[in-house]
2 protein chains.
Amino acid sequence: MGVIQGAKDRARAEVACAIKDQARRQLAAEGAARLSLRAVARELGMVSSALYRYFPSRDDLLTALIVDAYNALGATAEEAVERVGTADWMRAWSAVCRAVRRWALDHPHEYALIYGSPVPGYAAPQDTVAPASRVALVLLEVAQSAHEAGALAEPDVPGADCRSVLADDVRLLLREPGRTLPERAAPRLAAVWAQLFGLISFEVFGQYNAVIEDREALFEATVLVLAHQVGLRPTGPDA
Amino acid sequence: MGVIQGAKDRARAEVACAIKDQARRQLAAEGAARLSLRAVARELGMVSSALYRYFPSRDDLLTALIVDAYNALGATAEEAVERVGTADWMRAWSAVCRAVRRWALDHPHEYALIYGSPVPGYAAPQDTVAPASRVALVLLEVAQSAHEAGALAEPDVPGADCRSVLADDVRLLLREPGRTLPERAAPRLAAVWAQLFGLISFEVFGQYNAVIEDREALFEATVLVLAHQVGLRPTGPDA
DNA sequence: CAAGTACGAGAGCGGTGCTCTCTTCAAGAG
DNA sequence: CTCTTGAAGAGAGCACCGCTCTCGTACTTG
C-alpha cells in the first residue's frame with residue numbers, strides 16, 4: 001500500500017473511530033466507570049466479541065480515549081494562544097487558562113478521565129505522555145515569549161526557587177534550539193501548571209459546591225496570581 | 001437502651017467496621033474501580049447478600065469510605081497544627097501542607113477516592129461536606145491566627161481580590177464568634193486551597209512523572225509561595 | 001413463654017469483560 | 001483465473017459482578 005492506504009485499512013480505521021465515538025458518547029453520558037464494551041457494541045449493532053478486533057481490552061479503549069482527550073484539550077490550548085498571539089503575554093496566559101477551564105467544564109467526564117484518578121493500572125502508558133504535555137508546552141511558550149521580551153521577573157518569595165528538581169527529559173527540552181528560558185524558571189512553571197489544574201479540578205469535581213459561588217470571577221483573579229507567580233508581569237503599553 | 005448501646009447494636013457496628021476495614025484494604029490494594037462487594041464478603045467469610053444488611057449498595061459502602069478518608073485526612077491536618085501551634089503561623093502552614101501531602105502519598109487510593117474523579121453519581125452526598133471541609137478549616141485557622149497578630153498582608157497582585165464569590169454558608173461561617181478574618185481574604189484562601197491539592201494530585205496521580213524529579217523540594221518551595229499568596233508573611237523573631 | 005425481628009445462607013437474574021471456535025469473504029500470489 | 005491466506009464478525013460460554021428474593025434460625029422483647 002502506498003501513501004493512500006487501501007480500502008481495507010481505511011475501513012478498519014473508520015470502524016475503530018466509530019467505536020471511539022460511541023464510547024465517548026457513553027463516557028460523556030455516564031462517566032468512565034459505567035462505560036461498557038458490550039453497550040458500545042450493542043449501540044453499533046455489532047456483537048461484543050467483534051470489538052476485540054479493534055481494542056484488545058477495555059483498558060486499551062480507555063487509553064485511546066485518554067489520548068484523544070489530552071489531544072483535544074491540547075489543541076484547545078494551542079488554538080487559544082494562536083488566536084491572541086504571544087506579543088501580549090498576559091493576555092495569552094489568561095486566554096490559555098480560560099480555554100482549558102472552558103474545555104474542562106464542557107467535557108467534565110473526559111476531563112475526569114485525564115486529570116482525575118488514573119483508572120487503569122497505576123502507570124500511564126507511554127503514548128499518553130506526549131499528548132499530556134501539550135498544555136504545559138503552551139504555557140511554556142507564553143513564558144518563553146515574555147522572557148524574550150525581558151519581562152520574566154524573578155519570584156518575590158524568598159526560597160521559591162529550587163535546583164535540580166527537573167527530570168532529565170525536561171532539562172533536555174529546555175535546551176532545544178529556540179528555547180531560552182532559564183532552567184530555574186521551569187520549576188515555578190511546573191508548580192503553577194499543577195495549581196492551575198487544581199483550581200479547575202475543584203470546580204469540575206464539585207469541591208467548590210456551597211463554598212464558592214462566582215467561580216469564574218475567582219478563576220480569573222487567580223489566573224493573574226498564577227501568571228505573577230511564573231514571573232509574568234503586565235504587558236507594557238507597546239504590546 | 002441507654003448511653004451504652006446494647007450488645008446487638010455493638011455487634012452490628014463491629015461487623016460494619018470490619019466490612020469497611022476489609023474494603024479499605026482492597027481499596028488500598030486495587031483501587032476503587034476494582035473494589036468488589038463479593039470479594040469483601042468472601043474475605044470476611046460471609047455470603048455477599050449478607051453484606052447488604054449493612055450497606056444498601058456498593059455506592060453506600062464507597063460513600064462510607066469517602067467519609068472516613070476525609071476524616072482521616074482532616075484529623076491528620078488537625079494533629080499537625082496542634083503539634084506545632086499557630087503562634088508561628090508560617091511553620092504551622094508548612095506543617096499542615098506537609099502532613100496533607102504525606103497522607104496523600106501514603107494513601108494514594110484513598111486520596112484518589114476523595115480528590116480524584118467523583119465515582120458515584122455526580123453530587124456528593126450531604127454527609128460528606130462536613131468531613132471534606134476539615135482541612136480547609138485548618139488552613140483557615142492558621143490564616144486567622146496570623147490575622148490576629150496583624151500579619152495577614154494584602155495581596156500584591158492587582159485585581160487578585162474579588163467580591164461576592166463566596167457562598168452564603170461560608171459567609172455565615174466567617175461571621176461566627178471568634179472568627180475575625182476579613183471576608184475578602186476568603187477567596188484567596190479558597191483558591192490556594194485548590195492549588196495545594198492540585199500540587200498534591202499531580203504528584204499522586206503521576207502527572208509529574210518524567211517531569212519533576214525532586215517533588216518534595218518543589219512542594220516545600222511552592223507551599224511558601226502559597227502562604228505568601230494567602231497573605232502570610234514570615235513570622236517575626238518574637239514567635 | 002410466645003411473638004416478632006434482625007441476620008445469614010442460598011439460589012437466581014441480568015449484566016459485565018474476555019476467550020474460543022466457526023463461518024464467511026475479500027485481497028493477494030501463483 | 002484459481003487458490004490460499006488472513007482478517008472480520010457471529011455466537012456460545014466462562015467467571016465474575018451488583019443486587020434481589022426467599023427461607024430457616026437465633027435472639028430480643030413484650
Side-chain angles (χ1 to χ4, degrees), chain A residues 1-20 22-27 29-66 113 118-121 125, chain B residues 1-20 22-27 29-66 113 118-121 125:
Chain A
M1 71 187 105
V3 274
I4 299 295
Q5 51 191 344
K8 202 159 188 173
D9 303 80
R10 188 189 303 257
R12 184 183 167 81
E14 252 173 44
V15 174
C17 197
I19 292 172
K20 282 201 292 182
Q22 182 59 39
R24 208 175 349 256
R25 228 164 295 147
Q26 293 203 9
L27 176 68
E30 300 266 27
R34 297 203 207 284
L35 193 155
S36 134
L37 283 191
R38 289 180 110 112
V40 170
R42 211 179 301 127
E43 213 70 26
L44 258 55
M46 326 185 176
V47 91
S48 74
S49 60
L51 218 139
Y52 286 83
R53 302 274 177 197
Y54 299 89
F55 298 94
S57 80
R58 181 180 185 272
D59 276 4
D60 289 271
L61 176 56
L62 272 179
T63 301
L65 292 182
I66 287 175
L113 198 59
V119 188
Chain B
M1 71 187 106
V3 272
I4 299 296
Q5 50 190 346
K8 199 158 189 174
D9 302 79
R10 188 188 304 257
R12 183 182 168 81
E14 251 174 45
V15 174
C17 198
I19 292 171
K20 282 201 293 182
Q22 181 59 40
R24 207 172 352 253
R25 228 164 296 148
Q26 294 202 8
L27 175 69
E30 300 266 27
R34 297 202 206 284
L35 194 157
S36 132
L37 283 190
R38 289 181 113 112
V40 170
R42 209 180 303 125
E43 212 69 27
L44 258 54
M46 324 185 182
V47 92
S48 75
S49 62
L51 217 140
Y52 285 82
R53 303 276 177 195
Y54 299 88
F55 297 94
S57 82
R58 181 180 185 271
D59 275 6
D60 289 271
L61 176 55
L62 271 180
T63 301
L65 292 181
I66 288 175
L113 197 59
V119 187

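For D:dA8, neither phosphate oxygen OP1 nor OP2 lies less than 4.0 angstrom from any side-chain nitrogen or oxygen of A:Y52. Here A:R42 reaches the OP1 or OP2 of C:dT16: one of its side-chain N or O atoms lies under 4.0 Å away.
What separates CG of A:L62 from P of C:dT16 is a distance of 15 Å, to the nearest Å. A straight line from OH of B:Y54 to C1' of C:dC7 spans 7 Å, rounded to a whole angstrom. In this structure, CG of A:D60 is placed 11 Å from P of C:dT19, rounded to the nearest angstrom. One atom, CZ of B:R10, and another, P of D:dC27, lie 18 Å apart when rounded to the nearest Å. Protein atom CZ of B:R53 is 5 Å distant from nucleotide atom C1' of C:dC7, rounded to whole Å. Taking atom CG of B:L37 as the reference point, atom P of D:dC17 lies 9 Å away to the nearest angstrom. Atom P of nucleotide D:dC17 and atom CG of B:L61 are separated by 14 Å, given to the nearest angstrom. The interatomic distance linking B:L51 (CG) with C:dG10 (C1') rounds to 15 Å, in whole Å.
Counting any heavy atom pair closer than 4.0 Å across all strands shown, A:L35 reaches sugar-phosphate atoms only and no base atom. Heavy atoms of A:F55 sit nowhere under 4.0 angstrom from any nucleic acid atom.
Taking CG of A:L51 as the start and CZ of A:R42 as the end, the distance is 11.5 Å to the nearest 0.5 Å.
Within the 4.5 Å cutoff, the side chain of B:T63 has no heavy atoms near those of the B:F55 side chain. Counting heavy atoms from C-beta outward, B:M46 and B:I19 have side chains that approach closer than 4.5 Å.
Between the side chains of B:D60 and B:S57, at least one donor-acceptor pair of N or O atoms lies under 3.5 Å.
Interface remark: the A:R38 side chain does not form any donor-acceptor pair with the C:dG15 base, using a distance-only criterion of under 3.5 Å. With hydrogens and angles ignored, no donor-acceptor pair under 3.5 angstrom links the side chain of A:R58 to the base of C:dG17. At a cut-off of 3.5 angstrom, the base of D:dG11 holds at least one donor-acceptor pair with the side chain of A:S49.
Nearest approach of B:K20 to B:L61, heavy atoms of both residues: CG-CD1, 4.2 Å.
The residue among B:R12 and A:S36 whose nearest nucleotide of DNA chain C is located toward the 5' end is B:R12.
Of the candidate nucleotides D:dC19, C:dG15, D:dA10, D:dA10 has the atom lying nearest to any side-chain atom of A:M46.
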